[in-house]
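Data first, discussion second: the structure below is written as structure tokens.
Small disclaimer: the values here were computed from a predicted structure and weren't measured.
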Amino acid sequence: INLVAPIPTGSVSINSGAQYAASRDVVLTISASAGVSQMRLTNSGSPFGAWEAYATTRTWVLSTGNGAKTVYVQFKDGAGNISSNYGDSIVLDTQPPTSPGAPTDSGAFTGSTSVAFSWSAGSDSGSGINSYICQIGSTPGGSNILDGNVGNNLSKTITCSYGSHYFCRVRSQDNAGNVSDWSAGSDGITVGEHVGIGIGPAKGLSQPASVGLSSKPVSAIFSDRFYIQEPDRSAGIMVKPVGGLPAGLVVGKLVDVGGV
């Protein structure tokens with residue numbers, strides 16, 4: 001009776017079967033039938049490397065250039081039988097997506113404690129856009145209110161507090177895990193109980209009160225404060241900004257002022 005050892009069989013998986021990779025450096029998960037002692041590997045289009053000891057995991061470097069990649073493995077048992085080629089494929093995408101557009105809101109002020117920021121989509125020609133990472137803070141570029149992934153949505157709504165300021169910026173993330181640069185930040189929105197009123201009525205409110213005053217001309221500027229007035233000069237009020245005077249402030253400029 002002639003006993004012939006069965007031809008080895010097996011499999012290989014790139015990055016645990018992921019569809020996309022952001023780096024050429026990957027991890028192969030390998031399995032083979034009993035009796036296998038050696039294996040050899042190759043990237044598609046290249047000759048197999050030298051035989052090496054069989055192992056169930058192996059670091060590997062994909063071939064250069066973005067796009068579909070296939071890694072093949074062959075197995076050899078102690079009797080010298082060599083298997084067919086077994087392979088797995090993955091899409092290599094090392095290019096980050098483009099940044100989304102700067103978030104926008106409903107304006108300089110709102111009387112609603114529900115504030116929505118929205119932005120235009122980023123783009124990615126490789127693995128495609130997966131989601132957006134959103135930061136919302138009480139200062140430009142801040143993240144003390146929100147710092148997280150909001151899914152593949154083009155807006156985010158938050159619940160706010162009267163008298164507070166909110167700024168938003170976002171970045172794109174593709175299906176391979178690459179992220180874009182941050183978008184430009186939103187220009188800021190102030191949440192106030194009294195929005196769109198005049199300076200005279202604002203001065204008559206019981207303090208503290210959160211207000212939003214729109215398009216008021218600057219009448220005077222000092223080192224740490226400035227004054228605004230009604231266009232007809234019927235009323236004026238002092239403004240002392242937190243963090244110092246804004247850039248570009250000049251007498252006569254129309255400004256939006258909000259706060260407590």
Side-chain angles (χ1 to χ4, degrees), residues 99-121 132-148 150 153-171 181-260:
S99 301
T104 59
D105 48 52
S106 60
F109 307 105
T110 180
S112 172
T113 56
S114 179
V115 170
F117 295 97
S118 59
W119 52 88
S120 58
Y132 295 93
I133 300 166
C134 178
Q135 288 186 338
I136 300 174
S138 54
T139 57
S143 60
N144 57 304
I145 307 300
L146 175 69
D147 185 6
V150 296
N153 299 302
L154 298 177
S155 65
K156 178 61 180 177
T157 301
I158 59 171
T159 300
C160 304
S161 302
Y162 286 127
S164 298
H165 311 280
Y166 298 90
F167 300 84
C168 179
R169 65 178 185 171
V170 288
R171 66 196 310 183
D181 292 332
W182 288 107
S183 70
S186 67
D187 57 5
I189 186 169
T190 299
V191 179
E193 296 175 270
H194 309 280
V195 174
I197 65 173
I199 293 175
K203 294 172 70 174
L205 295 171
S206 298
Q207 300 299 318
S210 56
V211 300
L213 305 173
S214 300
S215 299
K216 306 301 181 185
V218 176
S219 57
I221 302 173
F222 297 92
S223 61
D224 64 344
R225 68 198 65 194
F226 64 96
Y227 287 80
I228 59 173
Q229 63 185 11
E230 294 290 359
D232 62 3
R233 300 184 179 183
S234 59
I237 194 171
M238 181 192 74
V239 180
K240 190 172 183 179
V242 176
L245 297 179
L249 193 68
V250 295
V251 172
K253 183 178 182 178
L254 297 180
V255 295
D256 298 322
V257 175
V260 179

If a pair satisfies salt bridge (charged side-chain N to carboxylate O under 4.0 Å, His left out) and one of its residues is in residues 211-222, list it, with sequence neighbours excluded.
Lys216-Glu230
Would you mind listing every salt bridge (charged side-chain N to carboxylate O under 4.0 Å, His left out) that reaches into residues 231-247, with sequence neighbours excluded?
Asp224-Lys240
Atom pair [atom1]/[atom2] of [X] and [Y] - distance to nearest 0.5 Å:
X	Y	atom1	atom2	result
Lys203	Met238	NZ	CE	10.5 Å
Thr139	Ile145	OG1	CD1	9.0 Å
Thr104	Phe117	OG1	CZ	9.5 Å
Ser143	Ile133	OG	CD1	12.0 Å
Ile237	Gln229	CD1	CD	12.5 Å
Tyr162	His194	OH	NE2	9.0 Å

Quick one: closest heavy-atom pair of [X] and [Y], and the distance?
X	Y	value
Ser219	Ile228	OG-N, 3.9 Å
Ser112	Val115	O-CG2, 4.1 Å
Ala202	Leu213	CB-CD2, 4.2 Å
Val150	Asn153	O-ND2, 2.6 Å
Asn144	Gly137	OD1-CA, 3.2 Å

With Ala121 via side chain to side chain contact (heavy atoms under 4.5 Å, CB included) - residues at least two apart
Tyr132, Leu154
With sequence neighbours excluded, tell me which residues meet side chain to side chain contact (heavy atoms under 4.5 Å, CB included) with Pro246.
Phe226, Pro241, Leu249
Can you give me every donor-acceptor pair (side chain of residues 183-192, partner residue at least two apart or in another chain, under 3.5 Å) with its distance?
from	atom 1	to	atom 2	distance (Å)
Ser183	OG	Val170	N	3.1
Ser183	OG	Val170	O	3.2
Ser186	OG	Cys168	N	2.8
Thr190	OG1	His165	ND1	2.7

Can you find a pair of side-chain heavy atoms, one from Trp119 and one from Arg169, that are under 4.5 Å apart?
no
For the CG atom on Asp147, are there more than 12 heavy atoms of other groups (residues, nucleotides or ligands in this structure) within a distance under 6.0 Å?
yes
Distance-only criterion, 3.5 Å: show the donor-acceptor pairs between side-chain atoms of residues 250-260 and protein atoms not counting sequence neighbours.
from	atom 1	to	atom 2	distance (Å)
Lys253	NZ	Gly248	O	3.4
Asp256	OD1	Ser215	N	2.9

